[in-house]
Amino acid sequence: MPLTLKRIFVGGRNLKRAFIGKRTFIRTSAATAMPSSTTIYVLGIGNLGKFVAHSLKRAHAETPVTLLFHRASLMSEWESAGRGIECVSLEGAEDVPDWATGFDVELLQPLSPSSSLSKEPIANLIVASKTYMTSAALGLIKHRLGNTSTVLFLQNGMGTTDEVSSSVFSDPDSRPSYWAGICSCGVYSTSPFSIVHAGRGPILLGPVVSKNEGVIGNNDSIKSNDAVIQQLLTTPTLEAAATTAMGIKKAQLQKLIVNAMINPLTAIFRCKNGELFSDPPRLALMRLLLREAGPIVRAILREHSTTTTTTTTTTTTTTPPPPSQDPADDESFTDEGLAASVLRVADNTARNTSSMLQDVLAGRKTEIDYINGYLVSEGQKLGLPHKNNATVVELVEGKVVIRVEDIQERFHGA
Ligand SMILES: CC(C)(CO)C(=O)C(=O)O
């Protein structure tokens with residue numbers, strides 16, 4: 001290609017809507033290789049980030065996968081790990097580690113003031129970072145993302161997409177398309193680049209709809225042929241399936257409730273998931289918290305159904321429910337239905353130390369603001385009771401440990 005010829009990197013989509021003359025997506029030099037629109041970037045190399053990156057590479061060796069590191073020390077850890085991700089599956093006949101290599105890695109922060117960072121446009125991004133780091137991390141690469149990019153959020157908790165829209169991509173016209181994924185598999189890390197796939201479970205993927213603006217990003221660019229979604233759907237170990245905007249919202253809210261009940265209570269009572277509800281007062285406390293959380297998630301669903309029925313245009317959708325059908329009437333969203341799913345997950349993950357208890361024990365920041373904190377802020381906006389969930393947030397933030405005998409004194413109506 002002649003040096004002066006302009007090339008536009010638009011991921012093969014929405015050519016007319018590319019940022020010609022307006023954005024850095026136009027290059028005038030052939031010195032830098034043209035980025036492949038099929039490159040999948042992974043931000044956040046925690047349990048899920050490693051699992052997805054490993055699975056993608058094993059299923060699609062030809063797909064370029066770039067791991068985005070947020071701290072410099074990860075570079076040397078990556079070298080020590082042999083530049084690969086190791087996964088042991090407890091589901092197989094033998095626990096033989098499976099090794100995936102061929103990744104590219106990139107540092108998000110400059111190593112020194114003189115070092116330069118990549119400016120390659122990013123068409124496909126999987127965000128698997130901790131919720132509280134998301135906006136800051138995306139802020140570092142926002143110039144590489146545009147309205148032809150797809151960003152898939154694979155995280156615990158809720159609220160990051162709204163936060164990212166207001167603090168990182170505040171202009172709706174240049175905002176990427178958002179997808180969310182809810183994973184029910186069990187994965188834990190044994191070293192910076194080694195994981196154990198301890199329990200199989202599907203990943204559900206669906207387009208994100210914002211309260212005020214309908215489907216986030218370009219409605220017409222949300223298609224099942226988004227490269228990152230396609231690749232995930234054809235990666236066997238992920239057991240991924242696509243759903244509607246309403247389907248993913250329901251899955252997110254159900255997971256939110258599970259995390260809002262199991263994670264903080266295991267942190268406050270310092271116990272494994274399976275021990276939590278064997279104690280009747282702790283079971284009663286969970287039901288008390290659900291009396292606030294249930295009405296809040298049902299109200300969110302109702303609000304969401306009015307948005308999605310008017311705006312969703314994804315090609316991966318199944319038929320949306322008729323407008324007259326209230327999604328919050330779904331039996332799995334009654335307080336009883338929600339309690340049953342919390343108990344089922346606690347039982348299925350009985351030997352787990354919840355991620356929040358792990359964070360508390362390691363002296364790390366927790367994701368409480370995006371779990372019970374999200375319920376509290378939505379409760380405030382909706383004018384619904386949320387006091388006991390606010391107490392949970394305070395106890396976790398204060399790293400407080402309580403006994404069963406303290407429940408009555410701490411919680412209203414216990
Ligand atoms: C499902 C559960 C509670 C399993 O431990 C989890 O997602 C977590 O710990 O964050």
Side-chain angles (χ1 to χ4, degrees), residues 131 156-159 182 184 249-305 326-350 352 354-357 366-397 400 402-414:
T131 38
N156 262 350
M158 286 179 79
I182 290 294
S184 26
K249 189 60 131 192
K250 283 187 166 185
Q252 285 180 294
L253 290 170
Q254 248 167 342
K255 183 82 194 311
L256 177 77
I257 290 292
V258 165
N259 288 130
M261 301 297 129
I262 298 178
N263 295 25
L265 296 185
T266 52
I268 293 166
F269 293 106
R270 295 283 198 275
C271 64
K272 297 253 181 210
N273 295 0
E275 292 157 4
L276 189 57
F277 302 122
S278 55
D279 205 337
R282 294 203 294 226
L283 182 61
L285 174 57
M286 183 268 272
R287 292 188 184 280
L288 185 70
L289 293 172
L290 260 184
R291 253 185 262 154
E292 290 179 355
I296 294 171
V297 295
R298 288 190 289 275
I300 296 174
L301 266 187
R302 272 190 205 104
E303 217 175 50
H304 186 79
S305 72
D326 184 347
D329 287 345
D330 182 336
E331 241 177 68
S332 51
F333 276 90
T334 60
D335 285 3
E336 257 329 291
L338 292 169
S341 64
V342 173
L343 294 175
R344 195 169 46 247
V345 175
D347 199 40
N348 290 344
T349 60
N352 271 29
S354 77
S355 56
M356 195 169 286
L357 178 53
T366 71
E367 297 189 282
I368 192 74
D369 287 345
Y370 296 83
I371 301 177
N372 301 73
Y374 179 78
L375 290 170
V376 171
S377 69
E378 290 299 300
Q380 275 162 354
K381 284 182 220 156
L382 292 157
L384 290 169
H386 50 269
K387 196 171 174 202
N388 283 326
N389 279 279
T391 301
V392 164
V393 175
E394 274 166 35
L395 293 174
V396 172
E397 275 175 351
V400 179
I402 69 166
R403 298 163 310 157
V404 162
E405 301 82 70
D406 303 326
I407 292 177
Q408 271 197 326
E409 176 203 323
R410 297 275 187 174
F411 292 94
H412 183 72

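Residues meeting the side-chain contact (heavy atoms from CB on, under 4.5 Å) test with Asp279, sequence neighbours left out: Pro281, Arg282, Val404. In this view, Ala390 and Val376 satisfy the side-chain contact (heavy atoms from CB on, under 4.5 Å) rule, not counting sequence neighbours. Applying the side-chain contact (heavy atoms from CB on, under 4.5 Å) criterion to Ser355, with sequence neighbours excluded, gives Asn156, Asn263. The side chain to side chain donor-acceptor pair (under 3.5 Å) test applied to Ser354 returns Thr266, not counting sequence neighbours. By the side-chain contact (heavy atoms from CB on, under 4.5 Å) test, Val345 is found to be paired with Val258, Ile262, Thr349, residues two or more places apart in sequence or in another chain being considered. Not a single side chain to side chain donor-acceptor pair (under 3.5 Å) links Thr366 to another residue, sequence neighbours left out. In this structure, Glu409 has no salt bridge (charged side-chain N to carboxylate O under 4.0 Å, His left out) partners at least two apart in sequence or on a different chain. Listed by chain and number, the residues in a side chain to side chain donor-acceptor pair (under 3.5 Å) with Asp406 are Arg403 (sequence neighbours excluded). The side chain to side chain donor-acceptor pair (under 3.5 Å) search around Thr391 returns none, not counting sequence neighbours.
The two residues Leu338 and Gly294 make their nearest non-hydrogen contact at CD1-CA, 3.9 Å. Contact record, Leu384 with Ala299: CD1-CB, 4.0 Å, taken as the closest heavy-atom pair. The two residues Ala293 and Met261 have their closest heavy-atom pair at CB-CE, 4.1 Å. The two residues Ala414 and Gln408 make their nearest non-hydrogen contact at O-NE2, 3.6 Å. The shortest non-hydrogen separation linking Gln254 to Ser332 is NE2-CB, 3.4 Å.
Looking at heavy atoms from C-beta onward, Glu303 lies in side-chain contact with Leu382 at the 4.5 angstrom threshold. Looking only at side-chain heavy atoms (C-beta outward), Glu367 and Val396 stay at 4.5 Å or farther from each other. Side-chain contact between Phe269 and Ile402 is present, with at least one heavy-atom pair separated by less than 4.5 Å. You'll find the side chain of Arg302 reaches within 4.5 Å of the side chain of Asp326, heavy atoms only. Looking only at side-chain heavy atoms (C-beta outward), Ile296 and Tyr374 stay at 4.5 Å or farther from each other. With a 4.5 Å cut-off on side-chain heavy atoms, Val297 and Glu378 do not count as touching. Between Ile268 and Val400 there is no side-chain heavy-atom pair separated by less than 4.5 Å.
Put simply, the residue from Leu285, Leu289, Ile371 that forms a side-chain contact (heavy atoms from CB on, under 4.5 Å) with Val392 is Leu289.
By the neighbour-count criterion of 12 heavy atoms within 6.0 Å, atom CD of Glu397 is densely surrounded, having more than that number from other residues, nucleotides or ligands. Residue Glu331 qualifies as open at atom CD: its count of foreign heavy atoms under 6.0 Å is 12 or below.
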Met158 and Leu253: CA distance, side-chain angles, deciding distance, side chain to side chain contact (heavy atoms under 4.5 Å, CB included) verdict: CA-CA 8 Å; Met158 286 179 79; Leu253 290 170; 3.6 Å; yes
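Atom-to-atom distance recorded for His386:NE2 and Asn372:CG is 12.5 Å, nearest 0.5 angstrom. Leu290 CG to Thr334 OG1: the interatomic distance, rounded to the nearest 0.5 Å, is 9.5 Å. Atom CG of residue Asp347 and atom CG of residue Leu276 lie 12.0 Å apart, to the nearest 0.5 angstrom. To the nearest 0.5 Å, atom CG of residue Asn388 and atom CD1 of residue Ile407 are 11.0 Å apart.
Among pairs with a residue in residues 283-292, those fulfilling side-chain hydrogen bond (donor to acceptor under 3.5 Å, both in side chains) read Arg287-Glu336, Glu292-Asn389, at least two apart in sequence or across chains. Within the structure, the salt bridge (charged side-chain N to carboxylate O under 4.0 Å, His left out) test picks out the following pairs touching residues 249-277 (sequence neighbours left out): Lys250-Asp330.
Judged by distance alone, with hydrogens and angles left aside, the side-chain atoms of Asn273 form no donor-acceptor pair with the main-chain N or O of Ala346 at under 3.5 Å.
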